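Let me begin by presenting the structure, written as structure tokens, before commenting on it.
Quick note on labels: first sequence line is chain A, next is B, and so on, each numbered from 1. Keep in mind that this is a model prediction, so the values were computed, not measured.
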Amino acid sequence: MDYTSAACRDGHTILTGVRHFDLGAILDCGQCFRWEQRSEGCYAGVALGRALVVEQKEDRVLLRDTTLREFQEVWRDYFDLDRDYGEVKAILETDEAMAAAVAFCPGMRVLRQDPWEALCSFIISQNNNIPRIKGIVERLCRAFGDLLPGGSFTFPPPRRLAGRTVEELAELRSGFRAKYILDAARLAASGELELEPLYTMELDKARGSLMSIKGVGPKVAECALLYGFGRAECVPVDVWIKRALAQLYPEGFPPAFSPIAGIGQQYLFHYMRKGR
DNA sequence: AGCCAGGGTCTGC
DNA sequence: GCAGACCATGGC
């Protein structure tokens, strides 16, 4: 567990002794698209149907207007706080190149996001850049999500999108991805594609299942599994990771990485893009 | 103007 | 199986 204590004061939950946790890096490294920086170390966003303002100062993390119960039931898992990233990094640091990536951003973590949101967001991500992905996702939520107190919107569930038309989704300036979003929503809403089993299904079966969606190839499937279904073995290979693999790991990642290779991928991705 | 952005599909060999 | 055209959009 990567924090010492959680306590509620004046309606806010305060975590102390938080380790291996760099809020800014976690929320702005291309794994999620619904958080905006408000000020230094302070971010506002929506996840799992709830709005949150969260702030980090050194080893303390403040979750505004959050009961202890909500922290325990929702955010503790979302921020992957039950995982000991000391152990993860001990494995990764046995490798020289990965040790450099970890050293560049020791506070990186992989979030446990809502599966549908992760799937849909990474469908939108294809051949796209992060600011524009965020824009499309935001317009999608404003158009079809539920209004929350405070003015933000939830991510619309499959049922809500399944009845839309390609034209309506294209109005979000999602381009050629509109038909893919719709196909995913219809499959998920009809039950033809069940998401819940993908948490535990044999990996190659899960990959195949996701790739039955139009517009979902190996990269998007891997992203959905890693970020949405907590499958830490999954390694999305985009152009950056492809370059890194070619240069540093022509034989692939060391086998010892396997159970947490996807987390290693996140350190490496961030290092490749933002490091030096 | 041309290239790139956390890719995938479709076609032709 | 694999290369190449094409796909919408926006920033640089």
Considering only atom [atom1], compute the distance from [N] to [M] and round it to an integer number of Å.
{"N": "B/dG2", "M": "C/dA5", "atom1": "P", "result": "16 Å"}
{"N": "C/dG4", "M": "B/dG6", "atom1": "P", "result": "24 Å"}
{"N": "B/dG8", "M": "C/dG10", "atom1": "P", "result": "22 Å"}

Expressed in angstrom and rounded to an integer, what is the separation of [X] atom [atom1] from [N] atom [atom2]?
{"X": "A/Glu171", "N": "C/dA8", "atom1": "CD", "atom2": "P", "result": "16 Å"}
{"X": "A/Leu182", "N": "C/dA8", "atom1": "CG", "atom2": "C1'", "result": "17 Å"}
{"X": "A/Arg139", "N": "C/dT9", "atom1": "CZ", "atom2": "P", "result": "10 Å"}

Looking only at side chains, do A/Thr16 and A/Thr4 share a donor and an acceptor under 3.5 Å apart?
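On atom types as modelled, these side chains do not qualify, holding no pair under 3.5 Å.
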Ignoring hydrogens and angles, state whether a donor on the side chain of A/Tyr43 or A/Asp28 is under 3.5 Å from an acceptor on the partner side chain.
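The criterion, which ignores hydrogens and geometry beyond distance, is not satisfied for A/Asp28 and A/Tyr43.
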I'd like to know if the side chain of A/Asp2 and the backbone of A/Tyr85 have a donor-acceptor N/O pair within less than 3.5 Å.
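Pair found, side chain donor or acceptor close to backbone of A/Tyr85.
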Backbone N/O of A/Ile124 and side chain of A/Arg177: donor-acceptor pair under 3.5 Å
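Judged by distance alone, yes, a pair lies under 3.5 Å.
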May I ask you to check whether A/Tyr3 and A/Phe79 place their ring centres under 6.0 Å from each other?
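Aromatic pair excluded; centres sit 6.0 Å or further apart.
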Per-nucleotide protein contact string for nucleotides 4-10 of chain B, where B marks a base within reach and S marks sugar-phosphate only (heavy atoms under 4.0 Å, - for neither):
-BBBSS-
Are A/Ile133 and A/Phe122 packed together at the side-chain level, in the sense that at least one heavy-atom pair is separated by less than 4.5 angstrom?
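Side chain of A/Ile133 against side chain of A/Phe122, heavy atoms only: no contact under 4.5 Å found.
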